[in-house]
Amino acid sequence: MVVEGHDRPTRPSAPVTDPTAAPIAVALRGITKTFPGVLANDHVDLEVRRGEIHALLGENGAGKSTLMSVLTGLYQPDQGRILIGDEAGRLRPVTIASPRDAIHLGIGMVHQHFKLVPTQTVAENVILGMDGVPFVLDMATVEAEVAALSERFRMPVPVSAYIWQISVGEQQRVEILKALYRGAEILILDEPTAVLTPQEAAEVAATLRALAAEGKAIIFISHKLDEVMTVADRVTVLRKGRNVATLDVAATDKHQLAELMVGREVATTIDKDDVEPGPVVLRIDGVVARNNRGIVALKDLSLEVRAGEILGVAGVAGNGQRELTEVVTGLRRAEQGTVTVDGDDLTDRAPVRFIDAGVSHVPSDRLGRGLAGNLPLADNMAMKAYRRPPIAAGPMLRRDRMRAFAVDLIERFNVDTPGPDTPARNLSGGNQQKAILAREITAGTRARERGRRPVLIAAYPTRGLDVGAIEDVRSHLLRQRSDGTAVLFISEELDELMMMSDRIAVLHGGEVMGVVTPAETTIEELGLMMAGEMRR
Amino acid sequence: MNLPYRITLEKRLDTPRIVLWLVPVVSILIALAFGAIVLAFAGANPLEAYGQILTGAFGSLTAWLDGQFYAVSETVVRTVPLILTGLAVAVAFRMRFWNIGAEGQLVFGGVFAAWVALFLPGVIPGIPQTPWVYLPLMALAAVAGGAIWALIPAFLKAYLEVDEIITTIMLNFVAILTYQYLFTGPWKDPEGQGFPGSALFPEFTWLPRLTGRVTLGLVLALAAAVVVWLVFDHTKLGYEIALMGENPEAARYAGVNRASIIIVVMVLSGGLAGLAGFTETAGISHRLQQGLAIGNGFTGIIVAWVAKLRPGWIVVVAFLLSALFVGGDQLQISMGLPASIGAFFQGMILLFILGGDVFTRYRVKITRRPAAVAVEV
Ligand SMILES: Nc1ncnc2c1ncn2[C@@H]1O[C@H](COP(=O)(O)OP(=O)(O)OP(=O)(O)O)[C@@H](O)[C@H]1O
Ligand SMILES: [Mg+2]
């Protein structure tokens, strides 16, 4: 990185384009960052003004997270400069050698994968790792402060609860509060709404607006074009590590943005084959289960999914979706009721029984459950295939075949990675998701070859994917449906549910409020059922 | 701190091969330099002392030319149990199961092997009294002894979530006291004239010697290293162990049964430690006596850790550490330095190697601070 030393005069930079605009808060100039075998950022420029919400768009692996990691001191750029502006818009070059430097410069970040400590409380996480924390802590004061902050920005959090006990939406708020508590003036959010419900996302949008109105500069990464159009003031598009364009949101539209991102026209509608649903494959009957906090999360829940059918599950996150996916994959005990797969009663059997029975599972928590980040991609892709030939040979493991299996999946599912030996954590968020999908769909195909009727439990499978990849995933799911897989499809996006599902079950408070077909319902009606105000 | 420069650590994305090699070598050199200072304070000439360690551990050129390999063979003798305990620890640590109990498991392996040697001929006289039958029986008994001892913490962890660090440490004491009770009490040699120890094992239960005091135990230890390497890299079990170690929740999701893999891993780990009890009793002491619990189980932790849990490296590191022990003993004899000097060097080397590891994971960057008020427009 080029750093201005004591002895060298600083070069004047290009003048601010619009003198009437707000002063620049931060500018990245010509940032280049390479990883072994990957050019993640190639001379990227980005300028963000005070009071602005600046969206950063790009395909999975375009280099968005990397660029932000450079800005927050997690990575050192190979080339390029970072400049921070003062109130008058005068820029000064800075070196950001560590996240601590970033915090001192008022840069706060909410990462794509949260960095909270599950075994500590909300308040403890907020002050964790801060400078100047006294050795003996008065937790009551800290909790009061955190509560006040959460009040001020209308982000309710249970301050004394443990992280593992709270929902993903709440964890998200904790991350934002953490940055604000440290006095962030430049706030970066990496896909903040990917894991949120539409309502929660709207709340975050309102919070961001409020923060921007206070003069904070906000950089906001998202794959949701609607959201970018409503929340952001300006947008910068990256493709394959390079700048494509920076535009005023008012002067563009979704189609143009999608095209700039992907470099081609993106289909917004999908063709759905007519599939005659077969027999019931997954049957959930009167299931009662508790969540991690010991509270009953599924109350006498019954559902059926047929072969060749996509049963959508709508609902605000935290209304039993997680427990539902766990009960039907053997990961959580059902206190009452039964789970049958293709006629076999598998209630409370071990996860491996469900895998053998052909139940695949795209979990909502990628790095927590879906992947072992430090292990090579090949090992991760074999998680459902290593027990059987060709990868297994008796008790032995054929590493060569495991690798070939991964290479094949990488190819067929367009996973962007230097190779199967790369640790899974080095993949971009969207590509991790693609890798999991590839593995689970393949597991279903192999189960079919063994004469099973596969079931696919897909929790938020398009979360964090770019528009092109979403299209791919949807067509993969539809192909599964055509092949006779019973698909349980959990999503928070009602448009997506309406488009993909044959029937939609609405969850509220651990109960099914009704099962409807997309043809005979409306988004408004689904919304009412999700809020628990209507049953059908 | 107003220096214009500043030193920061940056995480390496990939570590060049040369760094992987250089860092441990430099770490050891620095440890030796520190050791030299301590030796000087102890009133010894460091160079002479290091020379003594080398000849003590490996012998001298003149001795070799005479065909005398006593020193190096003693080093190999000490290497054998360290390989086995190093492997035992590595198997458990790979799953992040912190088995600190290899010492007790080794001792129990020795006790079980001793029982076979001392009492089985009397209990079942029909068994042919040849090494071909008795040695495998003793080895199996030792594996069973170590495994049973390891199963206690395994069950406690698997079914009751009891922390394994505490249970494995505590069980060491129980094992050592039990074994001391046995050879000073019920198993004490009646013809030993008060000597604390069991009777000598019958000769058909002695491990055959290859050269010097080096026994077939060496072959056993090397074979065990190959087996552990195979398990780690080329079996489903090894895959599951790594998955459990990296992310237990992902392992559960992939269908790994947590309780049974904990039990299998501890049977393996305890069994390997128990095998060290077999090589030491059947190969070296030929009786149950003081000297079985001399810390090989604990040194095994150092071996495994320095070798980064890799079986091939465990063999190398075990040999080098035992050279330090044997060479350190030599120092005691020839230069009158305390016997603990070998352990002291081991501690130093471990400390520096673990500390040096920072440099394989991070890169040191010296950056110039930017000018405080360089303003652009
Ligand atoms: N630590 C790393 N080591 C090696 N390669 C990496 C590392 N981090 C990122 N990459 C690679 O750099 C490229 C850009 O990744 P980045 O995470 O910035 O993408 P992204 O735009 O945030 O994508 P997504 O929308 O999927 O999150 C990808 O090809 C990725 O595989
Ligand atoms: Mg990203």
Side-chain angles (χ1 to χ4, degrees), chain A residues 1 3-13 15-16 35-36 74-76 83 86 89-95 97-98 101 329-331 350-356 361 363 365 367-375 379-380 382-384 386-387 391-392 394-399 402 426, chain B residues 2-16 94-96 227 229-261 264 361-377:
Chain A
M1 165 169 190
V3 175
E4 311 302 316
H6 277 164
D7 47 355
R8 216 182 317 163
T10 49
R11 246 181 318 124
S13 65
V16 179
F35 294 115
L74 284 173
Y75 295 141
Q76 298 303 305
L83 304 141
D86 62 13
R90 275 173 311 201
L91 295 175
R92 93 192 137 90
V94 292
T95 310
S98 68
D101 288 3
T329 49
L331 294 166
V352 67
R353 293 280 88 75
F354 284 83
I355 295 169
D356 286 345
H361 177 195
D365 187 1
L367 280 175
R369 173 174 283 164
L371 297 169
N374 287 333
L375 293 183
D379 291 47
N380 277 283
M383 265 162 69
K384 295 293 176 72
Y386 76 93
R387 279 194 189 78
I391 294 179
M396 306 305 283
L397 201 68
R398 292 290 304 263
R399 288 272 168 191
M402 184 192 261
N426 285 358
Chain B
N2 276 319
L3 295 171
Y5 296 95
R6 148 168 84 159
I7 298 168
T8 48
L9 292 179
E10 187 191 336
K11 206 162 191 153
R12 283 181 195 273
L13 297 164
D14 64 339
T15 311
R94 181 155 277 220
M95 200 173 74
R96 309 254 160 103
V227 169
W229 169 75
L230 270 176
V231 168
F232 277 180
D233 284 6
H234 295 282
T235 65
K236 290 195 272 189
L237 175 64
Y239 173 83
E240 291 180 346
I241 292 174
L243 197 55
M244 266 301 270
E246 285 301 336
N247 183 350
E249 189 51 41
R252 196 164 93 88
Y253 159 83
V256 177
N257 184 322
R258 176 175 168 277
S260 54
I261 197 162
V264 169
R361 285 184 289 119
Y362 294 88
R363 180 166 37 200
V364 180
K365 262 211 152 148
I366 300 175
T367 44
R368 301 174 93 174
R369 282 173 184 277
V373 284
V375 169
E376 291 198 14
V377 181

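Letters A, B, ... are given to chains in the order of the sequence lines, protein chains preceding strands, and every chain is numbered from 1.
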Contact origin within [X] toward chain B - heavy atom pairs under 4.5 Å:
X	value
A/L331	both
A/I391	neither
A/A372	both

When rounded to the nearest 0.5 angstrom, what distance separates [atom1] in [X] from [atom2] in [Y]?
X	Y	atom1	atom2	result
B/E240	A/L397	CD	CG	9.5 Å
B/T235	A/Y386	OG1	OH	10.5 Å
B/L243	A/D379	CG	CG	8.0 Å

Exercise for the section: For the pair B/Y239 and A/R387, evaluate side-chain contact (heavy atoms from CB on, under 4.5 Å) and give the outcome as yes or no after the intermediate values. Expected result: CA-CA 10 Å; B/Y239 173 83; A/R387 279 194 189 78; over 6 Å; no

Looking at every non-hydrogen atom in both residues, tell me the closest pair between [X] and [Y] and how far apart they are.
X	Y	result
A/M383	B/A250	CE-O, 3.6 Å
A/P351	B/G255	CB-CA, 4.2 Å
A/R369	B/E249	NH2-OE2, 2.7 Å

Practice task
Considering only heavy atoms and a distance below 4.5 Å, find which of A/P363, A/G330, A/G370 pairs most often with chain B.
Solution key: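 Greatest number of close heavy-atom pairs with chain B: A/P363.
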
Handout entry: Leading residue by heavy atom contact count with chain B [cutoff under 4.5 Å; candidates A/D356, A/L371, A/T329, A/D365]
Key =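 Of the candidates given, the most pairs with chain B belong to A/L371.
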
Exercise for the section: Measure distances from B/V231 to the heavy atoms of chain A and classify the residue's part below 4.5 Å as side chain, backbone, both or neither. Expected result: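 Nothing of B/V231, per the 4.5 Å heavy-atom cut-off to chain A.
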
Practice task
Sort B/N257 into side chain, backbone, both or neither according to what part of it lies under 4.5 angstrom from a heavy atom of chain A.
Solution key: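 Neither part; nothing is under 4.5 Å.
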
Can a donor-acceptor pair be found, under 3.5 Å and without considering hydrogens, that links the side chain of [X] to the backbone of [Y]?
X	Y	result
B/Y253	A/H361	yes
B/N247	A/G373	no
A/R399	B/D233	yes

